[in-house]
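Down below is the structure, laid out as C-alpha cells.
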Amino acid sequence: MSRPRLFIGNRRFSSWSLRAWQVLKKSGLDFEEVLIPLNDVDTRSAISAISPGGTVPALHTDDGVIWDSLAICEWAAEQVPSLWPAAAPLRHRARSATSAMHAGFLALREHCPMDLGREPAAMELNDATRMDVALMQALWHDVATPAGPYLFGEWSIADAFFTPAATRFRSYAIDLHSEAQAYCDRLLADEDFLSWEAGALEEDFPNPYENPI
Ligand SMILES: N[C@@H](CCC(=O)N[C@@H](CS)C(=O)NCC(=O)O)C(=O)O
C-alpha cells in the first residue's frame with residue numbers, strides 16, 4: 001500500500017485543510033502532504049487536477065480520492081476508531097456536533113475567516129455572526145461531557161472541527177463565556193495545532209482577503 005497523500009491549502013487560511021490534517025496527525029497513520037497555494041492564478045486548475053469536488057483538502061489513497069474534510073476524517077476513523085468517542089451516546093453527540101460545524105455557522109465562517117497571521121483585533125460583528133457565536137457556545141455547553149478535557153472526553157474529530165472556530169474567536173477578539181474560552185484555550189494549546197500554526201506563520205503567500213484574484 002502506498003502512502004496516502006493529503007492535498008491541503010495554505011495553512012494560514014485553509015480551515016478545512018487544518019481539520020483533516022489534524023485528524024490524520026492524531027490518527028498516527030502515515031501520510032504525505034502536498035500544499036496547493038490558494039488565491040493564485042493556477043489554483044483552480046491545480047485543485048481541479050487532484051480533487052473531483054474542486055476543493056482542498058483532498059486525500060489520495062490506493063482506493064481513490066476523498067475530497068471532503070469530514071469524509072477524510074471518517075476514512076481515518078475507519079482505521080482508528082478512537083478518533084470518535086467509544087460510548088455510543090457520546091459518539092452520536094460528537095457526530096451531530098461535528099456535522100453542525102461542517103454544514104453550519106455560515107455567518108461566522110464568512111464574516112470572520114480563519115487567518116492565523118492576523119494580529120488579534122476586534123471588529124464590528126453583524127447580527128447573524130453574533131447569533132452564531134452565541135449558538136456555538138450554547139451547543140458546546142449542551143453537548144460537552146463534564147469529564148473533559150475535550151468536548152466529548154478524549155480529543156475527537158469534533159474537536160478538530162471546532163479548532164478553526166477557536167482561532168476565529170481569538171483573531172477577532174470575540175468575548176466568550178468562561179467555559180467556552182477555557183475550551184478554546186485547550187484547543188489552541190494542542191501540539192498538532194501549534195505545529196500547523198508555526199507552519200502558517202512561515203508562509204509567504206499573498207493574503208486573499210487583501211488581494212482577491
Ligand atoms: N466542504 C468542503 C469545503 C472545502 C473548501 O471549501 N475548501 C476551500 C479551501 S479552505 C477550497 O478548496 N477552495 C477552492 C479555492 O480556493 O479555489 C470540505 O469540508 O472539505
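Atoms within a ligand are numbered from 1 in the order they appear, just like the ligands themselves. Remember, it's a predicted structure, so these values are computed and weren't measured experimentally.
Set against the non-hydrogen atoms of P57, the atoms of ligand 1 under 4.0 Å away are 20 (O). Of all the atoms in ligand 1, the ones that sit under 4.0 Å from a non-hydrogen atom of S14 are 9 (C), 10 (S). Atoms of ligand 1 found under 4.0 Å from any heavy atom of H102, numbered from 1 in the order shown, are 1 (N), 19 (O).
Looking at heavy atoms from C-beta onward, R186 lies in side-chain contact with P149 at the 4.5 angstrom threshold.
Residues F13 and L108 do not share a hydrophobic cluster, clusters being chains of Ile/Leu/Val/Met/Phe/Trp/Tyr side chains in contact below 4.5 Å.
Of the protein's non-hydrogen atoms, the one nearest atom 6 (O) of ligand 1 is W16 CD1, 3.7 Å. Shortest contact from atom 18 (C) of ligand 1 to any protein heavy atom: D68 OD1, 3.2 Å. The nearest heavy-atom contact from the protein to atom 19 (O) of ligand 1 is S69 OG, 2.6 Å. In terms of protein heavy-atom proximity, atom 16 (O) of ligand 1 is nearest to L38 CD2, 3.8 Å. Of the protein's heavy atoms, T55 CG2, 4.4 Å lies nearest to atom 13 (N) of ligand 1. Among all protein heavy atoms, the one lying closest to atom 14 (C) of ligand 1 is R44 NH2, 3.3 Å.
At a cut-off of 3.5 Å, with distance as the only test, no side-chain donor of D132 or T129 sits close to an acceptor on the other residue.
Crowding of M123 atom CE: a count of heavy atoms from other residues, nucleotides or ligands under 6.0 Å exceeding 12.
The shortest non-hydrogen separation linking A160 to V23 is CB-CG2, 3.5 Å.
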| task | Could you walk me through whether W84 and H92 pass the ring-ring contact (aromatic ring centres under 6.0 Å, His included) test, one step at a time? | result | CA-CA 9 Å; W84 289 118; H92 300 156; over 10 Å; no

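Looking at ligand 1, you'll find an N or O of V56 within less than 3.5 Å of one of its N or O atoms.
With respect to E33 and K25, no salt bridge is recorded, no charged nitrogen being found less than 4.0 Å from a carboxylate O.
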